[in-house]
4 protein chains.
Amino acid sequence: MSPRRRDSASTAAARAERRAELLAAAAEVFALRGYAVTTVREVADAAGILGGSLYYHFDSKESMADEILSAFLTDMWAAYEEVLDAGLGARETFRALIGASFQTIDHHRPAVVIYQNESKHLTTNPRFSYLLDSQQRFREVWLSVLDRGVLDGELRADLDTGLIYRFIRDTVWVAASWYRNDGPLSADEIARQYLAMVLEGILQPKEF
Amino acid sequence: MSPRRRDSASTAAARAERRAELLAAAAEVFALRGYAVTTVREVADAAGILGGSLYYHFDSKESMADEILSAFLTDMWAAYEEVLDAGLGARETFRALIGASFQTIDHHRPAVVIYQNESKHLTTNPRFSYLLDSQQRFREVWLSVLDRGVLDGELRADLDTGLIYRFIRDTVWVAASWYRNDGPLSADEIARQYLAMVLEGILQPKEF
Amino acid sequence: MSPRRRDSASTAAARAERRAELLAAAAEVFALRGYAVTTVREVADAAGILGGSLYYHFDSKESMADEILSAFLTDMWAAYEEVLDAGLGARETFRALIGASFQTIDHHRPAVVIYQNESKHLTTNPRFSYLLDSQQRFREVWLSVLDRGVLDGELRADLDTGLIYRFIRDTVWVAASWYRNDGPLSADEIARQYLAMVLEGILQPKEF
Amino acid sequence: MSPRRRDSASTAAARAERRAELLAAAAEVFALRGYAVTTVREVADAAGILGGSLYYHFDSKESMADEILSAFLTDMWAAYEEVLDAGLGARETFRALIGASFQTIDHHRPAVVIYQNESKHLTTNPRFSYLLDSQQRFREVWLSVLDRGVLDGELRADLDTGLIYRFIRDTVWVAASWYRNDGPLSADEIARQYLAMVLEGILQPKEF
DNA sequence: TATGAATGAGAGTTCATTCAT
DNA sequence: AATGAATGAACTCTCATTCAT
């Protein structure tokens, strides 16, 4: 390997790493304070540099949000695909998707918070139209799982699956708002209890 | 009776009515576009007047949000108090609180959306500290109902009540984001299905 | 006429007048210091208001330049059209166009300076593509006059008309850079001497 | 001779050559896009290096413009001096100065464009006060030639020599904007036709 | 010689707010 | 009650410049 190549290799890597650091800082602040309300100076402060310096690495505040959300969605869909490709039954698919969701929250917590809070406003911008695409695909995946569950007799037929879908959509990501790596409950444990709640309800079973 | 006096007599009522109109317009826009991102000109446009004219009626953009949220919380707590004062059992209290919540959504939809989306950011402002108070009280009420339900043997003991609480907190208001008066499901019907989901789960009961 | 109508009429007029004042100030500063280098605060200073206040009247710095240049070109072409529609001979058309040019300079001096100095850079912006259109049309008009003059035997045939055209194009507007209403030479006198120079040259005629 | 010493020896020449290359690139870009609007990154791009690297060779963007313009003016004045020292008559001096001007354009085209477009703005900076000096001297030289021509009976007396001077000043350099080495007209041919126009006018001589 | 990350002043623009009318 | 012009602070972004490597 020529020094030149090693140089440019390590440079490219170093650059990517720096970007990742800055994006992590940005995601944290966007999640905490809200994207619209966060100034790029605040992001820079969090990263320990000056406002203008961010523009050496990124085109705009918008592209930071873009990269943060894209990375999250890419990972999430990779995890979802893996589940969907496994050919499991409706119920197991359900469990696995929930598990994948909480794992994604574990890895992209601030991004999920941003996704949850800012999607509605960001999607007015064509640049973020992929958020809409993703939402639509998310809906299709979940509705198909729910409908299959009802057909298979595994899920109750007396509930509107559209309502169940919204219920799941609105609850699955919201955990990112309060979840902490270092909290008392692990991602897996939260997923387990979440599943128990959603599948079996919170009533004492003897009630039936 | 001079026209002037009659004018000023009717003015008090008229003024209140105008304020209500303007607040309704403001709430709609804040809910739709987000409080931080909405300009007071947009609010004024929605009300058919010019930006500066709003300041005849309100001190600031902030006080509009304040009034909108206060009115919502006042009504909500009135409904909650009525339920809590009825001395019902844990399970019936649970049902009734959920019903009251969806009724409140029905009456204050835009306010609830604002509450859901903006509380986190607004509470950094001392003026909105009552939001924190309300949230704390909300938590106490629900935790006490849940704990009582567990003690009475009506609710499962294997779930973290803190988790159930967060689950309810995060889902109960979110319906405001998609709920429509003129949609296919009434507030009562949504409350019924929501209760069924949360209490009994979405699995086919025979599964047990 | 209802008071309402008179009101809105006088309002519209007042607004237009204010815009005109501000545009005059802007044109002066743009001409003096250069468009790119002039800050909108400088324009505002010249108008006696604050930077932000300009945005009540104009969308952007760009639209100020746009309005200034459009107004100039509109007037210039009106004057040119009048000349071209008069059906004069080549030589008289030549004289009249030069006269119209200097009249336009007299009325739009700063705009002409801006046109002269900034066209090249502004035309990279699609918004100002009309400058290119105007330049092309200007070229067509002048070349046709020159070619006709040569055909009619009124203009020398041993000079490249393309060169003459460029010569005229580059000199006719440049007077705006030093011309002053209150200077020793009137617009008409300058036009007369300019014509004499261009038509007859600066040599003593007896020389031939 | 140590390699070090040989290095530094060749460095002096190499450095000068590199500077010349960079200045040529800078002049081209400044001329094309405008000095104020050109970023030093654009200059660097044109030279195939990075923005910061220019500062190894030059103190500032300003000094690049400075060197570019100084070199042009030095050469121009050398050519002018040669003409003035030749002790020719007014008319021959006139011809020779125009010739020298077009030769200078031929050798310093981008610099002349910059000179033409940016002088007005640059002269607000004391560093470029030599531009003002040069302009004043230019004026003196030309006025003296013109006045001598009138006195000698070679130039018409019915035209304001101040106006003729401005006319020449404004037209002589402007050719740099469209002149091309590889165009159909050589510098000498342009000078010839320019002289014909200015001296004899564009009318058919028989007209007199 | 050149790189690349960072600086920091200043640009155009936005917007809640004020106030004379 | 409402208008419309203006304010002024704050924002995103640009760019000449610096400097360790």
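Labels below follow one simple rule: chain letters A, B, ... track the order of the sequence lines, proteins then strands, and each chain is numbered from 1.
- Considering only heavy atoms from C-beta on, B/T123 stays 4.5 Å or farther from B/E118 through its side chain.
- Other residues, nucleotides and ligands contribute only 12 or fewer heavy atoms inside 6.0 Å of the CZ atom of A/R41.
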Step by step, would you call D/D66 with D/S70 a side chain to side chain donor-acceptor pair (under 3.5 Å)?
-> CA-CA 6 Å; D/D66 195 352; D/S70 302; 3.1 Å; yes

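- Heavy-atom distances under 4.0 Å link DNA chain F to no residue of residues 114-127 of chain A.
- Residues that satisfy the side chain to side chain donor-acceptor pair (under 3.5 Å) test with B/E21, not counting sequence neighbours, are B/R18.
- Checking A/L50 against C/R41, the closest nucleotide of DNA chain E that is more toward the 5' end is the one next to A/L50.
- Taking every nucleotide of DNA chain F with any atom under 4.0 Å from a non-hydrogen atom of chain C, the first and last of them, 5' to 3', are F/dG4 to F/dA10.
- Annotation: proximity of residues 22-39 of chain B to DNA chain E (heavy atom, distance under 4.0 Å) is found for B/T38, B/T39, numbered in ascending order.
- Taking atom NZ of A/K61 as the reference point, atom P of E/dT13 lies 18 Å away to the nearest angstrom.
- Base pairing in DNA chain F gives the following stems of 3 or more Watson-Crick or G-U pairs, range against range and under 3.5 Å: E:2-21 with F:2-21.
- Listed for the C/S119 side chain is no donor-acceptor partner under 3.5 Å among the backbone atoms of C/Q116.
- A cation-pi arrangement, defined by a distance under 6.0 Å to the six-membered ring centre and an angle within 45 degrees of its axis, is present between B/K61 and B/Y35.
- The nearest heavy atom of DNA chain F to B/G48 and to C/G52 marks one nucleotide each, and the one closer to the 5' end goes with B/G48.
- With respect to A/R33 and A/E28, no salt bridge is recorded, no charged nitrogen being found less than 4.0 Å from a carboxylate O.
- Residues D/F30 and D/E42 form no side-chain contact, since every pair of their non-hydrogen atoms from C-beta on lies 4.5 Å or further apart.
- Here the side chains of A/L73 and A/L131 are in contact, with some heavy-atom distance below 4.5 Å.
- Using a 4.0 Å cutoff on non-hydrogen atoms, the parts of residues 53-60 of chain C near DNA chain F are C/S53, C/Y56, C/H57, ordered by number.
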